[in-house]
J.: 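Sharing a structure with you now.
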Amino acid sequence: MSSRRSRSRQSGSSRITEEQISDLVSKLQDLLPEARLQSNARVPSARVLQETCNYIRSLHQEVDDLSERLSELLATSDMSSAQAAVIRSLLM
């Protein structure tokens, strides 16, 4: 059964080429901050994918931290203050 599955994948038009994978990995590498990877250096695809995952995790953590700070700010501020008005305008 697994051979049937692999044959159907190979014969399908959605098969991705090694060149396409290489191009996508290169595009991912370009999206990563310079401190993580040098875009002009040849970096193994596995490292690019690992660094991409790490970067996404760090972005999720940053969003969580900022959400928590915002919640604290909203809880401690007078909702009629100018500061609260600025916060509301940023959220809209």
Side-chain angles (χ1 to χ4, degrees):
M1 184 160 185
S2 63
S3 63
R4 181 185 303 162
R5 199 176 302 150
S6 64
R7 269 189 252 127
S8 68
R9 282 185 191 152
Q10 290 175 356
S11 64
S13 63
S14 64
R15 181 174 165 96
I16 189 165
T17 66
E18 287 185 34
E19 184 178 326
Q20 290 170 317
I21 290 172
S22 179
D23 183 52
L24 291 170
V25 168
S26 177
K27 287 178 182 178
L28 269 178
Q29 185 176 357
D30 290 342
L31 293 173
L32 293 174
E34 288 298 317
R36 293 185 177 268
L37 291 174
Q38 298 293 332
S39 61
N40 57 357
R42 172 71 179 119
V43 179
S45 297
R47 177 147 181 247
V48 173
L49 294 173
Q50 183 62 52
E51 289 295 323
T52 301
C53 291
N54 292 342
Y55 183 55
I56 291 170
R57 280 188 204 100
S58 73
L59 291 175
H60 278 289
Q61 184 62 50
E62 188 173 348
V63 167
D64 290 344
D65 293 346
L66 290 171
S67 294
E68 185 176 326
R69 284 179 53 199
L70 178 61
S71 294
E72 290 170 0
L73 223 145
L74 289 173
T76 61
S77 68
D78 177 12
M79 291 311 283
S80 62
S81 71
Q83 185 180 26
V86 169
I87 293 171
R88 277 194 297 276
S89 71
L90 291 173
L91 294 175
M92 299 295 178

J.: Return the minimal non-hydrogen interatomic distance between Y55 and L31, and the atom names on each side.
T.: CE2-O, 4.4 Å
J.: Please step through side-chain contact (heavy atoms from CB on, under 4.5 Å) for the pair S67 and V63, ending with a clear verdict.
T.: CA-CA 6 Å; S67 294; V63 167; 4.2 Å; yes
J.: Drop me the distance from S71's OG to L66's CG, to the nearest 0.5 angstrom.
T.: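 Between atom OG of S71 and atom CG of L66 there are 11.0 Å.
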J.: Can you see which heavy atom on V48 is nearest to which on V25, and at what distance?
T.: CG1-O, 3.6 Å
J.: Give me the atom names and distance for the closest heavy-atom approach of R15 to Q20.
T.: O-OE1, 4.0 Å
J.: So, are R69 and D65 salt-bridged, with charged N and O less than 4.0 Å apart?
T.: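 No, this pair does not count.
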J.: Rounded to the nearest 0.5 Å, how far apart are CD of E18 and CG of D23?
T.: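 Going from the CD atom of E18 to the CG atom of D23 covers 13.5 Å.
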J.: Within the structure provided, determine whether N54 and S58 are in side-chain contact (heavy-atom separation under 4.5 Å).
T.: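 No, every pair of side-chain atoms sits at 4.5 Å or beyond.
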J.: L32, I56: one ILVMFWY side-chain cluster at the under-4.5 Å cut-off?
T.: no
J.: Measure the spacing between CD of Q29 and CG of L24 and express it to the nearest 0.5 Å.
T.: 13.0 Å
J.: Working to the nearest 0.5 angstrom, can you tell me the gap between L70 CG and E68 CD?
T.: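 That separation rounds to 11.0 Å.
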